[in-house]
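Here the structure is a predicted model, which means the values were calculated and not measured. Order of listing sets the numbers, starting from 1, for every ligand and every atom in it.
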Amino acid sequence: MSLDRSKRILVTGGAGFIGSFLCEELLKLGYEVVCADNFFTGSKRNVEHLLNSHSFEILRHDVCMPLYIEVDGIYNLACPASPIHYQFDPVQTTKTSVVGAINMLGLAKRLHIPILQASTSEVYGDPVEHPQTEGYWGNVNPIGIRSCYDEGKRCAETLFFDYKRQHDLNIKVVRIFNTYGPRMHPRDGRVVSNFVVQALLNEPITFYGDGMQTRSFCYVEDLVHGLISMMMTAPSFTGPVNLGNPQELTIGKLAQLVIRLTNSKSKIVSKPLPSDDPRQRKPDISLAAEVLSWKPAIEIEEGLKRTISYFEKLISKGNVVSHN
Ligand code: NAD
Ligand code: UDP
């Protein structure tokens, strides 16, 4: 079964950064949307512009608890994504990924509906294969400070594939690479939001390690189009599929770019590299290109300009306080 328009879709984690864009896009496409979120890292502010739509509903719900509703498809995004948030209560992070996946898979099984899992490039850990293809099994520390997230997401993937094998569920697994854009939490510690907020407030730009580690940054709207395309594919295509922007840059280059685009007076300060911080990351997106006809359209400079403009407005409204 693939999804017709005018169906009701559940988005867990729908009040978060990516979830809020996904809810918005699904509404635009004519779906009814139920957003379920416990507001741990998301907020009602992210979806307040959707609240006057008759097709949008919001539930305060923790995916670690079962959910009994009637829907036609599920996007399972509930999980804190920034290291400081997922490390704040690591046991809860693992529970959210694993118990949350079991509950949402149970719902999908009862209703015989498709379910998409927002997995992550973190399943590749600190990769020794570069760029990362879906066939690479990863290099993950099972007992480190990132493991609650990495291993939680890996176990969730296992559960998805076991539900497919055991119950013939229509599953879709997407491995999302670093995504950025408006509505990131301004102080959630992720590199793009950190650098942009620091640059706009002329605070020191916090540079972890030597700045030579790489990431590949995808603008949120590109990512959301990929998620929806994946959900629309035939049940025989389960993934996992990488979604991300293969334009790789060092964190040092990113800092320079943000400083230039904001005309900031910020100085760079060096901080220790957190443990298990991957040295390099870049998606191979040939599978997404072939099966979903998907590739990102928004270049890093354009995406950063849109992100900067969002944070400028937030700062001018007094919603972000300077640490200076
Ligand atoms: P986010 O923290 O902004 O959003 C996560 C949302 O899930 C928040 O609204 C939060 O309140 C909610 N949530 C957390 N625990 C919950 C629970 N137990 N029950 C219900 N809701 C819960 O993060 P994001 O960047 O929007 O990420 C969304 C998804 O995409 C996550 O699953 C994340 O692992 C995945 N992902 C994101 C990135 C990225 O770069 N942004 C990369 C890889 C994977
Ligand atoms: N980083 C940094 N300064 C910051 C925040 C992050 O140098 O203020 C680095 C971090 O060490 C990592 C990269 O930027 O190498 C991306 O970090 P982020 O937390 O955004 O994503 P992830 O490490 O989960 O890919």
Side-chain angles (χ1 to χ4, degrees), residues 11-23 35-44 46-47 58-65 67 75-87 89 92-93 95-97 99-101 103-104 116-123 126 146 149-150 152-153 156 174-181 183-185 187-198 203-218 220 223-224 227 242-244 249-252 254-255 268-281 283:
V11 179
T12 76
F17 157 54
I18 297 175
S20 64
F21 280 91
L22 177 61
C23 291
C35 158
D37 203 297
N38 70 352
F39 304 115
F40 174 47
T41 51
S43 77
K44 286 189 194 152
N46 284 340
V47 287
I58 185 159
L59 303 176
R60 179 182 288 270
H61 179 78
D62 190 317
V63 291
C64 296
M65 307 299 287
L67 179 62
Y75 289 84
N76 187 37
L77 272 64
C79 186
S82 85
I84 57 168
H85 283 141
Y86 71 64
Q87 288 163 17
D89 186 347
Q92 187 58 33
T93 300
K95 277 192 193 166
T96 293
S97 280
V99 181
N103 286 326
M104 293 308 111
L116 179 144
Q117 169 66 357
S119 191
T120 169
S121 53
E122 292 284 335
V123 301
D126 191 4
R146 294 176 85 101
Y149 183 74
D150 300 9
K153 289 283 188 179
V174 166
R175 293 183 178 153
I176 301 171
F177 283 65
N178 294 67
T179 300
Y180 72 99
R183 297 191 209 134
M184 294 183 88
H185 191 292
R187 294 290 186 191
D188 80 357
R190 284 186 271 190
V191 69
V192 173
S193 44
N194 261 14
F195 284 3
V196 169
V197 168
Q198 289 165 344
E203 292 173 358
I205 303 249
T206 52
F207 204 76
Y208 302 160
D210 58 8
M212 291 308 289
Q213 69 272 37
T214 69
R215 294 292 186 275
S216 308
F217 296 99
C218 185
V220 62
L223 192 265
V224 162
L227 295 179
N242 290 338
L243 290 183
L249 71 168
T250 65
I251 296 305
L254 176 72
I268 287 174
V269 294
S270 186
K271 299 234 169 164
L273 190 69
S275 66
D276 295 334
D277 198 288
R279 293 297 306 164
Q280 54 181 2
R281 187 181 289 151

Under 3.5 Å: donor-acceptor pair, side chain of [X], backbone of [Y]:
X	Y	result
T214	R281	yes
D37	A15	yes
T93	Y86	yes
S82	D188	yes

Residues which pass salt bridge (charged side-chain N to carboxylate O under 4.0 Å, His left out) with D89, listed by chain and number, not counting sequence neighbours: none
Amino acids contacting ligand 2, non-hydrogen cut-off under 4.0 Å: P83, E122, R146, N178, G189, R190, V191, N194, F195, T206, F207, Y208, Q213, R215, I251, P274, D277, R281
Full working for side chain to side chain contact (heavy atoms under 4.5 Å, CB included) between M65 and N38: CA-CA 11 Å; M65 307 299 287; N38 70 352; over 6 Å; no
Geometric class of the Y180/F217 ring pair [parallel <30°, tilted 30-60°, perpendicular >60°]: perpendicular
Residues which pass side chain to side chain donor-acceptor pair (under 3.5 Å) with N76, listed by chain and number, not counting sequence neighbours: T12, Q117
Verdict with supporting geometry, E122 and K153, salt bridge (Lys or Arg N to Asp or Glu O under 4.0 Å): CA-CA 8 Å; E122 292 284 335; K153 289 283 188 179; over 6 Å; no
Residues in the immediate environment of ligand 1 (any heavy atom closer than 4.0 angstrom): G13, A15, G16, F17, I18, D37, N38, F39, F40, T41, G42, H61, D62, V63, L77, A78, C79, P80, A81, T96, A118, S119, T120, Y149, K153, I176, N178, T179, R190
